[in-house]
Amino acid sequence: MIVLGVESSCDETGLALYDTERGLLAHALHSQVAMHEAYGGVVPELASRDHVRRTIPLLEQVLEQAGVALSSIDAIGYTQGPGLAGALLVGASVANALGLALQRPVLGVHHLEGHLLSPLLSEPAPAFPFVALLVSGGHTQLMRVEGIGQYQLLGETLDDAAGEAFDKSAKLLGLGYPGGPAISRLAEFGDPNAYALPRPMLHSKNLDFSFSGLKTAVLTLVKRHQTNLCEQDKANIARAFVDAMVEVLTTKCLAALIQTGLKQLVIAGGVGANQQLRVALNAAAERKRFSVFYPELTLCTDNGAMIAFAAAQRLKNNPAAASYDYSFNVQPRWPLTAIDIANQDLGNTGRISNGI
Ligand code: KG4
Ligand code: ZN
């Protein structure tokens, strides 16, 4: 079965073809970073318009890359939410129009489920059950994953997401958008002993996070330097920020593994591309004897491959999840644990849903 995946929830248009027999056949991406950079963040209306321009050319690109005809597509998955409403509508419209034209089933996919399952596209893949840390621009959550569609929330951020804290702190340091990669690169030149930033909720006895205070601490340091903030100061602050972030994320992951008794940790979402985080988690994994799995670097941030893959898994588990209806809605706000409700016919697999 060849599944087309369409991702358009934010500032990346991603299309991909996943074959349940042969694996990922092709994926193509257009990032709008350059377009939004001038505004210091994503401008939703511009994002939607750009998705309109990019989706069909990217579809043609993946078909050519994979060497398959449009008519060979067996099913279509698109990101139904969460994300920017206008941006989501573009992918949803294209997916449903294609489905109608080809008379193929169409499936709305939860963006975070795509991220969560993306490490399963790599070798070696984790086996269920595992603990997953979802760290993206909009979310920071620890999940216990029992199987496809079986996600239990263990903890989450009470305010800013990790990626959001990266982006906001980078902005305070005058770095470009998106801030994650920029602050991470700059941190490599920073002195680890120059500043100590708070580690919010490090010892909170639960698996929740809070990052808005960390961002405020960066703001306080920047203000303290007023106009004299030199490049080395910026690098030192970046280093302090990354060290605090990495320590909190790593400590909470270890606590989640202890709490669940599981030995496999999956990292998903854009911040999962962070090298300092990977180094710290790999060291902890060796020390504490657990396995850690990451998506390929190119599949950490938003992409169509994870959406095609998640749709394929859902269809494999439950062919009734596919719709031939072609009426659609998007869900800009959509808790991951609520997908149990959206897919009630998934079968009686003892799913856990505690609502976010
Ligand atoms: O998963 P993603 O592409 O989009 C959302 O679903 O939000 O994640 C984007 C986030 C941004 O906040 C970006 O700054 C962050 O991931 N990010 C990174 C790195 N690459 C992307 N953060 C830290 N280090 C990186 N290398
Ligand atoms: Zn994402």
Side-chain angles (χ1 to χ4, degrees), residues 3-18 27-36 39 41-63 70 73 75-116 136-139 161 163-164 178 269-270 301-312 314-315 321-336 338-339 341-343 356:
V3 182
L4 171 70
V6 183
E7 156 63 34
S8 70
S9 66
C10 190
D11 59 347
E12 263 124 5
T13 321
L15 276 91
L17 291 167
Y18 176 79
H27 83 106
L29 193 76
H30 175 78
S31 165
Q32 303 176 352
V33 160
M35 186 178 77
H36 297 295
Y39 306 94
V42 178
V43 183
E45 181 60 24
L46 293 182
S48 314
R49 289 174 191 219
D50 202 61
H51 288 306
V52 172
R53 277 193 293 272
R54 307 288 175 184
T55 308
I56 300 299
L58 287 174
L59 170 63
E60 286 165 351
Q61 199 176 316
V62 289
L63 289 171
L70 188 62
I73 293 172
I76 302 164
Y78 68 94
T79 305
Q80 192 175 5
L84 302 169
L88 288 166
L89 276 170
V90 178
S93 313
V94 172
N96 281 281
L98 267 176
L100 175 65
L102 299 170
Q103 284 300 299
R104 297 290 192 276
V106 177
L107 192 70
V109 173
H110 196 292
H111 180 81
L112 294 182
E113 183 173 38
H115 276 305
L116 199 69
S136 69
H139 294 84
E164 192 179 355
T301 45
D302 295 349
N303 63 83
M306 67 185 195
I307 302 303
F309 181 73
R314 284 216 166 255
L315 287 172
S323 156
Y324 289 83
D325 172 355
Y326 312 121
S327 65
F328 59 89
N329 64 353
V330 293
Q331 307 220 41
R333 299 178 73 85
W334 189 14
L336 179 55
I339 61 173
I341 297 158
N343 295 282
I356 301 177

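Just so it is clear, the model here is predicted, and its values are computed rather than measured.
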Polar contact flag, side-chain donor to acceptor under 3.5 angstrom, Ser323-Asp325: no
Rounded distance [0.5 Å steps], OG in Ser93 versus CG in Leu88: 10.0 Å
4.5 Å side-chain heavy-atom contact, Met306 and His115: yes
Begin from the C-alpha positions of His30 and Thr13 and carry the test side chain to side chain donor-acceptor pair (under 3.5 Å) through to its verdict. CA-CA 5 Å; His30 175 78; Thr13 321; over 6 Å; no
What is the minimum heavy-atom distance between Gly99 and Ile76, and which atoms define it? N-CD1, 3.5 Å
Side-chain touch His27/Leu15, heavy atoms, less than 4.5 angstrom: no
Within-4.5 Å side-chain heavy-atom neighbours: Val330 and Leu89: yes
Are Leu4 and Tyr78 side-chain neighbours, meaning at least one heavy-atom pair lies under 4.5 Å? no
How far apart are the C-alpha atoms of Gln103 and Leu100, what are their side-chain angles, what is the distance that settles it, and do they pass the side-chain contact (heavy atoms from CB on, under 4.5 Å) test? CA-CA 5 Å; Gln103 284 300 299; Leu100 175 65; 3.9 Å; yes
Run the numbers on Ile73 and Leu63 for side-chain contact (heavy atoms from CB on, under 4.5 Å), then give the verdict. CA-CA 9 Å; Ile73 293 172; Leu63 289 171; 4.2 Å; yes
Under a plain distance cut-off of 3.5 Å, with no hydrogens placed, do Gln80 and His110 share a side-chain donor-acceptor pair? no
Heavy-atom side-chain proximity of Arg333 to Pro82 below 4.5 angstrom: no
When you measure from the side chain of Glu7 to the backbone N and O of Ser9, does any donor-acceptor pair fall under 3.5 Å? yes
Is any side-chain heavy atom of Val3 closer than 4.5 Å to one of Leu107? no
Please tell me if the side chains of His111 and Asp302 come closer than 4.5 Å, counting only heavy atoms from C-beta onward. yes
Just by distance, do the side chain of Asn96 and the backbone of Ala92 share a donor-acceptor pair under 3.5 Å? yes
Within the distance-only criterion (no hydrogens, no angle test), does the side chain of Glu164 pair as donor or acceptor with the backbone N or O of Ala161 below 3.5 angstrom? yes
Can you tell me if Arg53 uses its side chain to pair, donor with acceptor, with the backbone of His51 under 3.5 Å? no
With the side chain counted from C-beta on, respond yes when Val106 and Tyr326 share a heavy-atom pair under 4.5 Å apart, and no when they do not. yes
